[in-house]
Number of protein chains: 2
Amino acid sequence: MKRKNLSKAECPVARSLDVIGDWWSLLIIRDVLDGINRFSALQKNLGIARSMLTTRLQDLVDHGVLETAPASDGTAYQEYVLTKMGHGLFPVIVALRQWGEDNLYQPDEQHSVLVETQTGEPVTRLELRSRENRVLEWRDTTIRKVSSDLKP
Amino acid sequence: MKRKNLSKAECPVARSLDVIGDWWSLLIIRDVLDGINRFSALQKNLGIARSMLTTRLQDLVDHGVLETAPASDGTAYQEYVLTKMGHGLFPVIVALRQWGEDNLYQPDEQHSVLVETQTGEPVTRLELRSRENRVLEWRDTTIRKVSSDLKP
DNA sequence: AAACCTGGTCTTATTATGAGACTTCATTCC
DNA sequence: GGAATGAAGTCTCATAATAAGACCAGGTTT
């Protein structure tokens, strides 16, 4: 009766969710992207139980999403930073953010905005495009399964 | 000691995760996007416990991501289809897929591929771009908080 | 040196999850 | 037409995950 293990799934979405598919992982990653790198700062900001945070951080380090580094302020403490693999989650966070902005706020409600640092302008919408640069909707795409039963 | 409620969070990422942030929801949505619309088909394909699937589907319907519809094959059964809001999750699924493809497979391992239906060609990478059409990385962006303490 | 911060571990109560038996209609098989 | 099977759940129970908070050992500040 353990939680399902998706790490061997044939579907990349399932494998991703195996690593970052739980309640807290993406919130932790969002915070680290946002410059919150210390255990205690994360705990305070998220309101997560310490024991949970410990196991989540450990899992993310084990999976290669985060790594520990000496604290940037010169003290003997450590901090958690994203690996290259972890940086790759940026589009996932942005996609979640844009969906939330679109669907989960009342018209009169305000929320934080992701802006381009250089210009201060809000970023554009994350879009999937065809090679001819058309925007692709869900209906325009299909999954091509790996056929393990190729008959030559 | 209930699970945290993020539905009032100021951060859109947190609100999104409040709706679709658990283990199964995004897998269900992936399957529905993929044309698996019936309760029993979902249960079989995901290997999820029936009771879990019931509550997950109900939650997604309550949140407006899915809705029930009469079965498309003319039988008296029902099926679950994505609402407009649900379709909006397509970029989230694609982002997760691409991250998984990039980071969670051995070089010699194969996986399914998302292709453009018309041409059969794999879709391009999902990218965030500036207004000048440059690709934006994480380092190029900043969160602008809503300042509730504006001093005029 | 005392007080406080950091990064945890441990315990306990509550909640969520997984497996599978059971149920009620609808549909298909013979 | 009746039996068997499928669809879409509900119910129960054992186990795992989560939340709160007490506790603790070193590092840092005053």
Side-chain angles (χ1 to χ4, degrees), chain A residues 1-9 14 17-29 31-32 35-63 66-81, chain B residues 1-9 14 17-29 31-32 35-63 66-81:
Chain A
M1 298 161 188
K2 282 187 181 173
R3 184 179 267 189
K4 284 271 153 68
N5 179 338
L6 268 25
S7 65
K8 294 292 164 45
L17 290 173
D18 190 65
V19 177
I20 48 139
D22 74 282
W23 239 157
W24 289 112
S25 297
L26 281 172
L27 288 172
I28 292 170
I29 290 158
D31 273 10
V32 175
I36 302 177
N37 300 91
R38 300 279 280 257
F39 183 94
S40 51
L42 288 166
Q43 195 269 323
K44 210 166 298 174
N45 193 56
L46 293 168
I48 186 176
R50 290 157 172 288
S51 49
M52 281 273 79
L53 183 56
T54 301
T55 61
R56 283 291 156 268
L57 287 172
Q58 194 54 59
D59 287 353
L60 289 171
V61 169
D62 290 349
H63 278 111
L66 296 179
E67 60 191 2
T68 52
S72 50
D73 61 0
T75 59
Y77 301 124
Q78 63 177 336
E79 52 189 41
Y80 291 89
V81 296
Chain B
M1 296 160 188
K2 281 188 180 169
R3 185 180 266 191
K4 284 271 152 70
N5 179 339
L6 269 23
S7 64
K8 294 292 164 48
L17 291 173
D18 191 64
V19 177
I20 48 140
D22 74 281
W23 211 226
W24 289 111
S25 296
L26 281 171
L27 288 172
I28 292 170
I29 290 159
D31 274 10
V32 175
I36 302 178
N37 299 91
R38 301 279 280 258
F39 183 95
S40 51
L42 288 166
Q43 196 269 321
K44 208 167 298 171
N45 193 56
L46 293 169
I48 185 177
R50 290 156 173 288
S51 48
M52 281 273 79
L53 183 56
T54 301
T55 61
R56 284 290 156 269
L57 287 172
Q58 195 54 58
D59 287 353
L60 290 170
V61 169
D62 290 348
H63 278 111
L66 297 178
E67 61 191 0
T68 53
S72 51
D73 61 1
T75 60
Y77 301 122
Q78 61 176 338
E79 52 189 40
Y80 292 88
V81 297

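Labels below follow one simple rule: chain letters A, B, ... track the order of the sequence lines, proteins then strands, and each chain is numbered from 1. All values derive from a computational prediction rather than experimental measurement.
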Considering all heavy atoms, the nearest [X]-[Y] contact:
X     : Y     : answer
B/L66 : B/I28 : CD1-CG2, 4.4 Å
B/P70 : B/E79 : O-CG, 4.0 Å
B/L26 : B/I20 : CG-O, 3.7 Å

Sugar-phosphate, base or nothing in reach of B/Q78, heavy atoms under 4.0 Å: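 The answer is sugar-phosphate, as B/Q78 gets under 4.0 Å only of primed atoms, P, OP1 or OP2.
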Touch class at under 4.0 angstrom, heavy-atom based, for A/S40 against every strand present: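 If one applies the 4.0 Å heavy-atom cut-off, A/S40 turns out to touch the sugar-phosphate alone, with no base involved.
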For [X] and [N], is the shortest distance between a side-chain N/O and OP1 or OP2 below 4.0 Å?
X     : N      : answer
A/Y80 : C/dG8  : yes
B/R38 : D/dA7  : no
B/S51 : D/dT10 : no

Residue whose nearest DNA chain C nucleotide is more 5′ - B/W24 or A/T54: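 This one resolves to A/T54.
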Rounded distance (Å) that lies between atom [atom2] of [N] and atom [atom1] of [X]:
X     : N      : atom1 : atom2 : answer
A/L42 : C/dG8  : CG    : P     : 11 Å
B/L57 : D/dA8  : CG    : C1'   : 10 Å
A/K44 : C/dG7  : NZ    : C1'   : 12 Å
B/D22 : D/dA17 : CG    : P     : 15 Å
A/M52 : C/dT14 : CE    : P     : 18 Å
A/E79 : C/dT6  : CD    : P     : 12 Å
B/D59 : C/dT17 : CG    : P     : 10 Å
A/D73 : D/dG27 : CG    : C1'   : 12 Å

Nearest-neighbour nucleotide for the A/R50 side chain, C/dT9, C/dT17, D/dA8 considered: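 Nearest to the side-chain atoms of A/R50, counting from C-beta on, is C/dT9.
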Which nucleotide in D/dA7, C/dT6, D/dA19 has an atom nearest any side-chain atom of B/Y77: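 The answer is D/dA7.
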Donor-acceptor pair, side chain of A/E67 and main chain of A/V61, under 3.5 angstrom: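 No, A/E67 side chain to A/V61 backbone: no donor-acceptor pair under 3.5 Å.
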Side-chain donor or acceptor of B/T54 paired with backbone N/O of B/R50 under 3.5 Å: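 Indeed, once roles are kept as given, a pair shorter than 3.5 Å links the two residues.
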Contact nearer the 5' end of DNA chain D, comparing A/T55 with A/A76: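 Closest to the 5' end, via its nearest nucleotide, is A/T55.
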DNA chain D: 5'-proximal contact among A/A49 and B/F39 (nearest heavy atom):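 Nearest-nucleotide comparison on DNA chain D picks B/F39.
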